[in-house]
Asks: 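This is the structure I have questions about; it appears just below.
Per chain, numbering begins at 1; letters A, B, ... match sequence-line order.
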Amino acid sequence: MPADAAPSRPKTVLLWFRKDLRLADNAALATAVDEGAEVIPVYILEPEDAGTGPLGAAQAWWLHHSLEALASSLMHHGSGLVLRRGPASEVLKALISGTGADAVFWNRRYDPPGIAIDKAIKADLTERGLVVRSFAGQILHEPTKLKTGAGGNFRVYTPFWKALEASGEPAEPIPAPARIPSPASPPKSDALEDWALLPTKLNWAKSFEGPWQPGETGAQKRLAAFVQSGLKGYRTRRDFPGEAHVSMLSPHLALGEISPASVWHATRGLSEDYSSEDYIHFRKELVWRDFSYHLLFHFPDLSTRNWSAKFDAFPWRDAPDLLEKWQKGQTGYPIVDAGMRQLWQTGWMHNRVRMIVASFLIKDLLIDWREGERWFRDTLVDADPASNAASWQWVAGSGADAAPFFRIFNPTSQGEKFDPEGVYVRRFVPELKDMPDKFIHKPSEAPLTVLREAGVSLGKTYPLPIVDHGKARDAAMAAFQGLKGE
DNA sequence: TGGCTGTTTCC
DNA sequence: GAAACAGCC
């Protein structure tokens with residue numbers, strides 16, 4: 001064989017796990033195993049200044065447990081997980097020289113800093129004679145593959161959805177390999193504990209343990225449970241935060257413990273008692289995640305810059321005291337406070353309530369949406385650079401295909417509409433649990449006798465509204481009108 | 001994937 | 001006088 005013939009079948013593959021912490025539907029892993037290579041799975045904790053952005057505290061908690069789950073699962077497949085920290089290019093080079101690996105495989109990521117890192121590594125390692133291969137699977141359709149009829153990039157969701165639908169079903173998920181061949185002496189791993197991913201305020205994330213099971217098994221269980229029960233009635237009931245009609249798959253998707261294609265296909269071939277209305281609407285939500293990545297890919301500053309430059313002149317208020325009350329769930333608007341406390345206690349918030357609390361921060365408090373984006377990034381277990389940024393801009397009105405700015409949620413009527421009996425509010429704002437339904441979303445309008453009977457003392461056991469929504473709405477409209485004249 | 005307000009419609 | 005509707009923000 002000529003010396004310069006690149007080996008098409010590598011002997012030893014470094015399998016670089018990133019936000020794809022799963023064995024099923026993992027194209028990079030499946031290919032390495034199929035080609036008969038010995039596989040060295042590695043996870044690299046990249047420094048924040050590498051450009052991949054700071055890891056939020058809630059997601060760091062999740063990552064810790066997810067890596068434990070992945071390591072354990074790999075062990076059951078005859079393999080193991082090598083943990084290393086540092087700039088990915090250096091870590092990979094050290095591992096290559098230490099193991100004699102002749103290839104590096106990974107599944108592609110789509111955040112712009114990650115893309116830049118991967119591109120440089122691919123060029124460098126290829127130059128050094130390694131086989132470097134990357135695979136798809138983190139989103140349903142790669143951003144470069146969907147174009148408008150005119151050849152441009154989508155800026156409106158509905159045409160994006162139609163194009164995606166028209167491009168056919170996503171590929172069938174690939175089963176997890178039965179066994180993963182491992183080299184005789186795999187490299188040493190860091191101790192996960194040394195990474196200090198768990199929060200030091202221990203009693204904070206403690207409450208995450210009830211609702212969540214990080215890792216691939218937890219993801220699959222969550223999906224099965226959702227398809228079994230939550231999906232029925234999804235279209236109409238998904239907006240009711242007191243009910244269990246949303247999938248809660250977002251944190252699993254954020255770290256790739258399950259692939260979006262697996263989720264898509266789980267809603268196929270259902271029996272007749274499933275309404276197509278329900279699973280089509282569910283898929284549409286899944287595709288918003290793709291749309292967000294599409295936007296981020298073509299607008300890398302999505303989390304820091306207004307998509308619509310018109311908003312650059314918006315007179316945001318500097319109000320750290322109000323911001324803190326919002327963060328702590330002490331606004332005096334029960335649905336807002338319930339949402340913010342659900343976020344703090346569980347690392348997650350129901351989507352309808354995310355829209356309400358975001359509208360409140362932006363339009364009632366007139367605080368820059370970037371403050372909200374930052375808080376969510378730090379406290380959400382599902383923090384995702386694309387979805388989070390795109391969704392905040394959507395609510396702010398500055399984003400692509402965004403809600404018009406003048407669509408200002410009334411937190412009281414939203415509460416009454418989507419949590420009519422206050423089930424959700426009572427769960428997260430227990431000091432209001434004995435309020436009658438009629439006043440559960442507007443305790444400040446309740447007669448004194450009603451408050452006394454419910455054990456509520458406004459301003460003491462529960463805050464008075466920190467702003468008057470009617471006035472706040474007028475102020476927001478005025479600020480927006482001012483923008484138009486710019 | 002709204003809300004507000006004035007107006008009409010229908011008991 | 002509530003409920004539905006339209007036009008506007």
Asks: B/dG2 P sits how many Å from A/H469 NE2, rounded?
Replies: 14 Å
Asks: Measure the spacing between CZ of A/F314 and OG of A/S398 and express it to the nearest 0.5 Å.
Replies: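 These two atoms lie 10.0 Å from each other.
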Asks: When you measure from every atom of DNA chain B, which of residues 379-395 of chain A have a heavy atom less than 4.0 Å away?
Replies: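 Of all residues in residues 379-395 of chain A, none places a heavy atom under 4.0 Å from DNA chain B.
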Asks: Given atom CE of A/M477 and atom P of C/dC9, what is their separation to the nearest angstrom?
Replies: 8 Å
Asks: Provide the full list of salt bridge (Lys or Arg N to Asp or Glu O under 4.0 Å) pairs with a residue in residues 449-478 of chain A, sequence neighbours left out, each pair given once.
Replies: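 Listed by first then second residue: nothing to list.
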Asks: Please list, by residue number, the residues of residues 400-420 of chain A whose heavy atoms come closer than 4.0 Å to an atom of DNA chain B; answer none if no residue qualifies.
Replies: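 Contacts with DNA chain B under 4.0 Å: A/F406, A/R407, A/I408, A/F409, A/N410, A/Q414.
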Asks: Check A/D278 with A/R235, please: is the shortest side-chain N to carboxylate O separation under 4.0 Å?
Replies: no
Asks: Kindly assign one of parallel, tilted or perpendicular to the pair A/W204 and A/F208, based on the angle between their ring planes and the thresholds 30° and 60°.
Replies: perpendicular
Asks: Mind calculating the distance between CE (A/M355) and C1' (B/dG3) to the nearest angstrom?
Replies: 15 Å
Asks: So if I apply the ring pair (Phe, Tyr, Trp, His ring centres under 6.0 Å) rule between A/W392 and each of A/F376, A/W375, A/W369, which one comes out positive?
Replies: A/F376
Asks: Can you tell me the distance, in whole Å, between the CD1 atom of A/I335 and the P atom of B/dG3?
Replies: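 Distance check: A/I335 CD1 to B/dG3 P gives 12 Å.
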Asks: Check each of A/S444, A/P443, A/P465 against A/Y333 using the side chain to side chain contact (heavy atoms under 4.5 Å, CB included) test, and report the only one that passes.
Replies: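 Option passing the side chain to side chain contact (heavy atoms under 4.5 Å, CB included) with A/Y333: A/P465.
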Asks: Given atom CZ of A/F480 and atom C1' of C/dC9, what is their separation to the nearest angstrom?
Replies: 9 Å
Asks: I need the CD-C1' distance between A/Q481 and C/dC8, as an integer number of Å.
Replies: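 Spelled out: CD on A/Q481 to C1' on C/dC8 is 11 Å.
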Asks: What is the distance from CD of A/E285 to P of B/dT1, rounded to the nearest Å?
Replies: 10 Å
Asks: Between C1' on B/dT1 and NE2 on A/H350, what's the gap in Å once rounded to a whole number?
Replies: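 Going from NE2 in A/H350 over to C1' in B/dT1 covers 12 Å.
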Asks: Charged N to carboxylate O under 4.0 angstrom, A/E416 versus A/K438?
Replies: no
Asks: Check this for me: does any side-chain nitrogen of one of A/E243 and A/R237 sit under 4.0 Å from a carboxylate oxygen of the other?
Replies: yes
Asks: Output yes when a side-chain donor or acceptor of A/R155 lies under 3.5 Å from a complementary backbone atom of A/A400, and no otherwise.
Replies: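 Checked: no pair found.
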